[in-house]
Amino acid sequence: MTAAGEVRWRVVGREGGSVVLVDLDAGLDEVRRERVGPDRWAVEAPAADPSARWVWSDTARWYPDLLAAGSVVARCQDLRLCHAILRASTLVPPAARADRSADAPGDASRDERWDAAPVDASSAVAPAGEPALFDLDDAPAAPVGVPDGIDDVLAEFRRQQDALRAASDPGRLRLLIAAESAGALLAAEMQAAGVPWSLDVHEGILEATLGARPTGGAAPARVQEVARAVRDALGDPAASLDSQPKLLRSLHRIGIHARSTSRWELAEYDHPVIAPLLEYKKLMRLMSANGWAWLDEWARGGRFRPVYVPGGVVTGRWASSGGGALQLPRALRPAVHADPGWTLVVADVAQLEPRVLAAMSGDLALAEAARGRDLYDGIVASGSIATRAEAKIAMLGAMYGATTGDSGRLVPALRRAYPRAMGLVDAAARTGDSGGAVTTWLGRSSAPAGSEWHEVQARAGGPDASDADRAQARRSAGDRGRFTRNFVVQGTAAEWALAWLADLRGLLAELPAVPVEQGAEASGPVFSRRAHLCFFLHDEIIVHAPLAQAEAVADAVARSAERAARLLFGGFPIDFPLDLRISIDAAKG
DNA sequence: TCTACAGGCGCG
DNA sequence: AAAGCGCGCCTGTAGA
């Protein structure tokens, strides 16, 4: 086959009632076009050249079908996610941003369609037979999500390639596009595989903390007990503990003049009601957020399947929808439990954000403080700040924009010790508080301030501005400054994490499958016999792996972290040490 | 009766 | 303790 005839891209979209596959070569010329039945496309789609990239409107809409049919995609371009990056990136000249076509620069309709919200990944795999309750006048529900007609998809793909070519730093943006898309694949895969979850361990924790699972509407024994102690201390056997305004009035009656019922404020008062009340709130939180109802809804079949939303945060972090994947209490982590014959490889990055800041600012002093040790210890060792605890809150304050309290007071010391790193976040804050857009290391940009924000600023600068106008303008400028200050760091950290995940995903795919009798059946047809990522949260991952591959997986996790560092920051001397563990409980199967 | 919002708290 | 960034989920209440 000649080079020109090689399949580089496999574009998938709909036409009429069919699914259409279009293969493109490196020059984006069409090599082949094929039409497949809509129900069987995932099965019938012939295996592409494994080096080909799939191109589709929205991974959450297409990939679950492929996974269910037993196919893994090595690489893709998720047009919805990449559109969001390219339309805003300051690395792309405005005229070439993906929301404008050259001949119709003002065409906003195209823009809106590709800006549609993601389809809910859980609905994409749900059976379509469910009749709509109010579907009386046979109007089909308005199509949700981005376009997926083959012509729209091809056109958007070509626009995105044009935008990349026109970028001031195409290399970085291509890296971001690839990493973002790999993340989309992984999110679908992790949802399909699920987190191996021990119902027994979870129930054991609930029972030990709350008491036996209640039948009917009653509260569990331990909750009732603590509630009684609170009401005794309040001197009111009928006191309502679950209504914030009523609880506040009860507290006022016994002389506790708190202005909220938050844990940190109540803890300031010395009164016999405080301890049982805080305990009550803790128990109720566990029960309502991750109690038996959560177990029944989210951990069926021994797998927790959260819905990940890649790119769901403006900074590029993932969000989640359903199940609370981003909020699993640490106390419940023991319920994550490998299948028999399998183990968990768990890793998180120590101080990811300040390390990223050191690298992107080229701050050799901060990189030196970080190298080979706890970064905060390194700051202390350099003599600029006295204790580890202070170094930590100072660094968080610098990245978040603290101005008051201990944190704000300590930031100037960091500014003296690490002028380049602090200069980068300070500059990002100045850009933000004057309304501008900031950009991450690989090219994801924040939105510039909107017209409403500018009106507030203009009003405050006008001749008849009130003190309130000026205060509001100061506050909204400060809010934006803190947002953009954090955006560059949080966003670049998210890019590092995506690069880590994408590389690790590739390394895991190279490991051999295990025999079928050793499979983890609940992981589904694709992952029951292969080591696979099953959890990701900003800077930590969990891999579910056959026991015999534990060491190989741990090695891959470490190696991919090193490669991510070099991919983003080249030879800059920064390291990203992992806290890496092979789960011990798995040994007992 | 239904929806929107605020308070509170879990995670990084 | 929060402060200072980014999230999602649950509850009760206020408002339509």
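Residue numbering restarts at 1 for every chain, and letters A, B, ... go by the order of the sequence lines. All values below were derived from every heavy atom in this structure, side-chain atoms included, with hydrogens, water molecules and symmetry-related copies excluded.
Note on A/Gln244: only backbone sugar-phosphate atoms sit closer than 4.0 angstrom, heavy atoms only; bases stay farther off. Using a 4.0 Å heavy-atom distance criterion, A/Gly323 is classed as a sugar-phosphate-only contact. Nucleic acid contact class of A/Arg259 (heavy atoms, under 4.0 Å, all strands): none. Within the 4.0 angstrom heavy-atom criterion, only backbone atoms of the sugar-phosphate kind lie near A/Ser320; the bases stay farther away. Among the atoms of the strands shown, base atoms are found under 4.0 Å from some heavy atom of A/Leu326. Counting any heavy atom pair closer than 4.0 Å across all strands shown, A/Ala319 reaches sugar-phosphate atoms only and no base atom. Residue A/Glu265 is out of contact with every strand shown, counting any heavy-atom pair closer than 4.0 Å. Using a 4.0 Å heavy-atom distance criterion, A/Arg263 is classed as a sugar-phosphate-only contact.
In the set C/dC5, C/dA3, B/dC11, the nucleotide with an atom closest to the side chain of A/Thr404 is C/dA3. Proximity note for A/Ser288 (side chain, C-beta onward) versus C/dT11, C/dC5, C/dA2: the nearest is C/dT11. Considering only side-chain atoms of A/Asn486, the nucleotide from B/dG8, C/dG6, C/dG12 that sits closest is C/dG6. Considering only the side chain of A/Ser262, B/dC9 comes nearest among B/dC9, C/dT13, B/dG10. When the nucleotides C/dC5, B/dG8, C/dG12 are ranked by their closest atom to the side chain of A/Thr261, B/dG8 comes out on top. For A/Ser260, whose side chain is taken as the heavy atoms from C-beta onward, the closest listed nucleotide among C/dA1, B/dG8, C/dT13 is B/dG8. Considering only side-chain atoms of A/Asp406, the nucleotide from B/dG7, C/dC5, C/dA3 that sits closest is C/dA3.
In this structure, A/Ala325 and A/Thr315 both approach DNA chain C, and ranking their closest nucleotides by distance from the 5' end singles out A/Thr315.
Comparing C/dA1 with B/dG8, their C1' atoms sit 15 Å apart, to the nearest whole Å.
Atom-to-atom, CG of A/Leu266 to P of B/dG7 comes out at 15 Å; the value is rounded to the nearest Å. Remark: C1' of C/dA2 and CH2 of A/Trp264 are 6 Å apart, rounded to the nearest angstrom. We find that CZ of A/Phe304 is positioned 10 Å from P of C/dC9, with the value rounded to whole Å. Atom pair A/Leu352:CG and C/dC5:P shows a separation of 20 Å (rounding to whole Å applied). When the P atom of B/dC11 is taken as reference, atom CG of A/Asp348 falls 14 Å away, rounded to whole Å. Put simply, CZ on A/Phe536 is 18 Å from P on B/dC11, counting in whole angstrom units. Counting to the nearest Å, the P atom of B/dG10 and the CE atom of A/Met284 are 14 Å from each other. Atom NZ in A/Lys281 sits roughly 10 Å away from atom P in B/dG10 (whole-Å rounding).
In this structure, A/Arg482 reaches the C/dC5 phosphate: one of its side-chain N or O atoms is under 4.0 Å from OP1 or OP2. In this structure, A/Lys282 does not reach the B/dG10 phosphate: none of its side-chain N or O atoms is under 4.0 Å from OP1 or OP2. Within the 4.0 Å cut-off from OP1 or OP2 of C/dA3, not a single side-chain nitrogen or oxygen of A/Thr403 is found. Contact annotation: A/Lys246 side-chain N/O to C/dG12 OP1/OP2 distance is not under 4.0 Å.
Ionic pairing of A/Asp433 and A/Arg482 is not present here: no N-O contact between side-chain nitrogen and carboxylate oxygen is shorter than 4.0 angstrom. A/Asp236 has no carboxylate O lying under 4.0 Å from a charged side-chain N of A/Lys246, or vice versa, which leaves the two without a salt bridge. The residues A/Arg333 and A/Glu540 are annotated as salt-bridged, a charged nitrogen and a carboxylate oxygen being separated by less than 4.0 angstrom. In this structure, A/Arg559 does not pair ionically with A/Asp503, as no charged nitrogen and carboxylate oxygen lie closer than 4.0 Å. At a threshold of 4.0 Å, the pair A/Glu452-A/Arg480 does not count as salt-bridged, since none of the basic side-chain nitrogens sits closer than that to a carboxylate oxygen.
Contact of A/Arg285 with B/dC9 (side chain to base): a donor-acceptor pair of N or O atoms is detected under 3.5 Å. Evaluation of atom-type donor-acceptor distances gives a pair under 3.5 Å for the side chain of A/Gln327 against the base of C/dG8.
Under the side chain to side chain contact (heavy atoms under 4.5 Å, CB included) test applied with A/Asp348, the options A/Leu578, A/Ile542, A/Leu537, A/Asp579 reduce to a single match, A/Asp579.
Annotation: A/Lys281, atom NZ; neighbour count of heavy atoms from other residues, nucleotides and ligands within 6.0 Å is above 12.
For C/dG4, there is no paired nucleotide, since no Watson-Crick or G-U wobble pair has both relevant distances below 3.5 Å.
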